[in-house]
Amino acid sequence: DAGVTQSPTHLIKTRGQQVTLRCSPISGHKSVSWYQQVLGQGPQFIFQYYEKEERGRGNFPDRFSARQFPNYSSELNVNALLLGDSALYLCASSPIAGRMNEQFFGPGTRLTVL
Amino acid sequence: DQQVKQNSPSLSVQEGRISILNCDYTNSMFDYFLWYKKYPAEGPTFLISISSIKDKNEDGRFTVFLNKSAKHLSLHIVPSQPGDSAVYFCAASRGETGANNLFFGTGTRLTVIP
């Protein structure tokens with residue numbers, strides 16, 4: 001079975017641009033969470049979606065937004081990119097918006113903002 | 001403010017010996033703790049967890065110890081194997097559900113020397 005997939009793998013943008021990252025959860029999983037991992041730091045929670053509804057939001061500015069589609073895939077959008085947005089963006093899926101030990105992470109999208 | 005801290009960025013251990021990875025937390029409301037392992041170009045993988053009602057949880061070669069009074073937990077790997085070489089993240093939450101409650105440490109890179 002396929003695991004969590006994310007696209008693109010790598011991305012280079014310039015300050016002020018907008019970016020969209022995509023995540024496909026494991027088949028049957030209805031919850032998707034997004035994390036930002038800055039170099040040298042641990043992952044930091046951004047959003048959680050379950051059944052297309054936002055279930056949680058981390059301490060990130062409104063430039064960050066996300067949505068979940070009927071097939072449970074998800075997109076993370078970041079507007080007006082800043083240099084500090086350079087990070088590995090991880091997506092995790094779980095069967096429900098429940099236990100963290102049931103989260104499966106994708107390989108991430110490496111975003112570089114120049 | 002870093003609520004979960006892993007003060008050792010790296011650790012090297014000989015194959016067959018014990019690896020001890022440490023983690024400290026500051027928020028006394030945390031009652032569920034997890035360890036994740038991360039290989040390069042892959043997302044974090046759940047390894048083992050412990051609830052605050054326990055002080056020890058064991059799964060094969062992996063044991064997690066929790067000292068609530070010291071706000072400290074540790075992961076023991078015995079015996080260490082070269083395949084254990086990875087970055088290990090400690091994470092803590094209030095409750096076992098809800099990704100928005102999950103806080104990660106900065107990670108410890110374990111190298112097991114054959």
Side-chain angles (χ1 to χ4, degrees), chain A residues 2-6 9-10 21 23-26 29-50 53-60 64 66 68 74 87-110, chain B residues 1-10 21-27 30-52 54 57 59 62 64 75 86-109:
Chain A
V4 178
T5 58
Q6 294 185 241
T9 305
H10 296 88
L21 311 180
C23 172
S24 292
I26 291 172
H29 284 193
K30 298 181 178 180
S31 178
V32 169
S33 298
W34 287 94
Y35 295 82
Q36 180 196 64
Q37 186 182 5
V38 173
L39 192 63
Q41 302 294 316
Q44 186 174 358
F45 172 77
I46 310 175
F47 286 109
Q48 183 181 45
Y49 276 78
Y50 175 64
E53 291 189 0
E54 183 182 301
R55 284 300 187 93
R57 168 187 272 264
N59 188 23
F60 281 81
F64 288 76
Q68 187 177 33
S74 177
L88 179 68
Y89 287 85
L90 294 163
C91 171
S93 78
S94 56
I96 58 174
R99 301 167 67 91
M100 273 80 72
N101 62 349
E102 295 177 344
Q103 281 197 117
F104 293 84
F105 284 84
T109 293
R110 174 75 60 187
Chain B
D1 183 28
Q2 192 75 27
Q3 300 188 57
V4 180
K5 301 177 183 179
Q6 293 175 258
N7 293 320
S8 298
S10 63
L21 295 93
N22 293 303
C23 177
D24 298 292
Y25 60 96
T26 57
N27 190 336
F30 289 146
D31 58 6
Y32 186 63
F33 305 89
L34 308 92
W35 284 94
Y36 291 84
K37 179 169 69 174
K38 186 179 186 303
Y39 293 119
E42 295 183 12
T45 302
F46 168 74
L47 194 57
I48 191 170
S49 63
I50 187 167
S51 168
S52 61
K54 296 183 177 180
N57 190 25
D59 184 1
F62 302 90
V64 56
L75 175 68
V87 176
Y88 289 79
F89 289 100
C90 167
S93 74
R94 289 172 291 177
E96 295 185 29
T97 62
N100 52 324
N101 289 322
L102 192 61
F103 295 86
F104 284 84
T106 52
T108 296
R109 181 178 300 279

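Within every chain, numbering begins at 1; the chains are lettered A, B, ... in the order of the sequence lines, protein sequences first and strands thereafter.
- Between B:A41 and A:P107, the closest heavy-atom pair is O-CB, 3.6 Å.
- Between atom CG of residue B:L102 and atom CD of residue A:Q48 there is a gap of 10.0 Å, rounded to the nearest 0.5 Å.
- The side-chain heavy atoms of A:F104 and B:T45, taken from C-beta on, include no pair separated by under 4.5 Å.
- Contacts of B:Y32 with chain A are made by side-chain atoms alone, with heavy-atom separations under 4.5 Å and no backbone atom involved.
- Proximity to chain B is limited to the side chain of A:Q37, based on heavy atoms less than 4.5 angstrom apart.
- Taking all atoms of both residues into account, the shortest heavy-atom contact from B:P44 to A:L90 is CD-CD1, 3.9 Å.
- Residues A:F105 and B:Y36 bring their aromatic ring centres within 6.0 Å.
- Chain B forms the most heavy-atom pairs under 4.5 Å with one residue out of A:G108, A:S31, A:G42, and that residue is A:G42.
- Heavy atoms of A:L88 lying under 4.5 Å from chain B belong exclusively to its side chain.
- Only the side chain of B:Q2 comes within less than 4.5 Å of a heavy atom in chain A; its backbone stays farther off.
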(request) Let me see the working for A:F45 and B:F104 under side-chain contact (heavy atoms from CB on, under 4.5 Å), right down to the final yes or no. (result) CA-CA 9 Å; A:F45 172 77; B:F104 284 84; over 6 Å; no

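- Only the side chain of B:F46 comes within contact range of chain A, with at least one heavy atom under 4.5 Å from a heavy atom of that chain.
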